[in-house]
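What follows is a short report on a single structure.
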Amino acid sequence: MRISSLFYTLRQGFSNLFRNKWFTLASIATISACLFLFGLFYAIVMNFQNIVKTAEQGVSVTVFFDEGIEDTRIQEIGELISKRPEVSNIHFVSAEEAWESFKTEYLGEYADGFTENPLADSANYEIYLNDVSMQSALVTYLESVEGVRMVNRSEITATTLTGINALVAYVSVGIIGILFAVSVFLISNTVTIGISVRKEEINIMKYIGATDFFVRSPFVIEGMLIGLIGAAIPLVFIYVMYNVVMNYVLERFSMLSSLLSFLTVEEIFSLLTPVSLGIGVGIGFLGSIVTVRKHLRV
Amino acid sequence: MEEKKNKSGSTTMPVKKKKKKMAAENNEIITLTNVSKAYSTGAPALKEINLHINKGEFVFIVGDSGSGKSTLIKLLLRELTISDGYINVMGYDLSKIKHRKIPKFRRNIGIVFQDFRLLKDRNVYDNVAFAQRIIQKSNKEIKKNVPSILAIVGLAGKYKAKPRQLSGGEQQRVALARALVNKPTILLADEPTGNLDPKNSWEIMKLLEQINENGTTVLVVTHNREIVNAMQKRVVTLKKGVIVSDEEKGGYIDED
């Protein structure tokens, strides 16, 4: 292709945007609306997952040992536990540490009356899981290990979190499905309008002897630009909105602030930006190819 | 590799040359031999048509609606394929031409429609330049060719106007300029005066005649009895998909 033809094609793509202003606006609005919903939903789901994940990480299983157990056996047990795939983190708390933290947390100055460690048998492992739903399996295993006296756990927290996780997954799939159906409907409508606007022009181009590539190129460039603009608008909108909403929620529900661990706007946008722009440009690309293709067989 | 290239080169080249030579020898630019065209529904649109048109001819194609005129035009443009027979235009066997070769074939045919078919959102200059863009002419050539063709059709002063600011006659001149700017071998005009008053019709016909005198083969499909009778050119009359007459310096045959 000649350089002048290439520039002509690019210029045509740009000026097509302004030739059919209403069509352009309708297409941008459609893509914007779809991607706005997508972005909003993405931000909510990601934060929800983050909250659940943070809560999960706080759930631990505590293992106590038989009286008079050897230090080497404790170490062996520790190694066995850390080999388990569901274990993300294991932390040894010695009897002294347990007593120290108990003293500072509950006793304060009254602790001076004790000369011996009353928690001499309270050395333990705090085990953190990477998947809370595996808790009961781990507990069953731990109880079978020789040298383990007792396993403490919080069953309710674990089952609740597992339940929330499943719910979020189902709702995600459901909403993505609905969004997808709505997008396809809206976009196919826009494309249909596009066909009636373009039909004559494509026809004339073909009669004069334009190649399919030459006919298609300006439309494809136009479609991709529409997709790009349509994706950029909701991104900007969500970016501005995000911090405002987060601050409002944290202020309003300040008592829950330890539970509500929100992601920063950068964390959300590091993936949302490329995905949204990709979807926008992709929709524009496919939409214009499909629209023009129907009329190329002249 | 080298050998293969030579082989394929030696088998295809002579065939092409031969065809072109053949067409050049007998000066025939359009050849239809026993051409039939049937649509999937209803009666055949064309039945065993035989038509031979030489380079530089001026031919009227006349007939009522439903006579097969539009079908004939579409076959010549390779918008439709024939059902049966042989069709050759400018050395291209149109029943065998590949889809990707069609654009190149059409660049040698200028076409003018009854409804002008201009790009309404572009001005006169851009409408004509559009045809040159498609065949990838450089900006320099476009700046030279477009004004000169606009001068020929008498629209040099209106190059900035949009189609809706022009009269029907002027719009048809723009369409004509667009068809001619690429210097086509054949000019096909499908009812070019159908939407024009007599004065404008005559001016367009004069332009077509002038174009023909400069060497372009001109085919005009028309209903306009007055013009056909006055111009004394070759007239091919179609009726219900069959050529019923083909006369040098003919006239419009009255239907009874």
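From a predicted model like this one, the values you see are computed outputs, not experimental measurements. Just so it is clear: chains get the letters A, B, ... in the order the sequence lines come, proteins before strands, and each one is counted from 1.
Heavy atoms of F105(B) lying under 4.5 Å from chain A are absent altogether. Heavy atoms of K120(B) lying under 4.5 Å from chain A belong exclusively to its side chain. Interface residue L118(B): only backbone heavy atoms are found under 4.5 Å from chain A.
Residues satisfying the side chain to side chain donor-acceptor pair (under 3.5 Å) criterion with N123(B), sequence neighbours excluded, are absent altogether. With sequence neighbours left out, N224(B) forms a side chain to side chain donor-acceptor pair (under 3.5 Å) with no residue at all. D190(B) pairs by the side chain to side chain donor-acceptor pair (under 3.5 Å) definition with nothing, not counting sequence neighbours.
Under a cut-off of 6.0 angstrom, the local environment of CE in M134(A) is sparse, with at most 12 non-hydrogen atoms contributed by other residues, nucleotides or ligands.
With hydrogens and angles left out, the side-chain atoms of E79(B) and Y207(A) include a donor and acceptor closer than 3.5 Å.
Of the listed residues (R107(B), R133(B), K137(B)), the one with the most heavy-atom contacts under 4.5 Å to chain A is R133(B). For the options S15(A), S4(A), A210(A), heavy-atom pairs under 4.5 Å to chain B are most numerous at A210(A).
A distance-only check finds no donor-acceptor pair linking the side chain of D212(A) to the backbone of R100(B) [under 3.5 Å]. When atom types are taken as modelled, the side chain of N88(B) and the backbone of I30(B) share no donor-acceptor pair closer than 3.5 angstrom.
Interface with chain A: from residues 171-185 of chain B, residues R178(B), N182(B) qualify, criterion being any non-hydrogen pair under 4.5 Å.
Using a 4.5 Å heavy-atom cutoff, the side chains of F269(A) and I238(A) are in contact.
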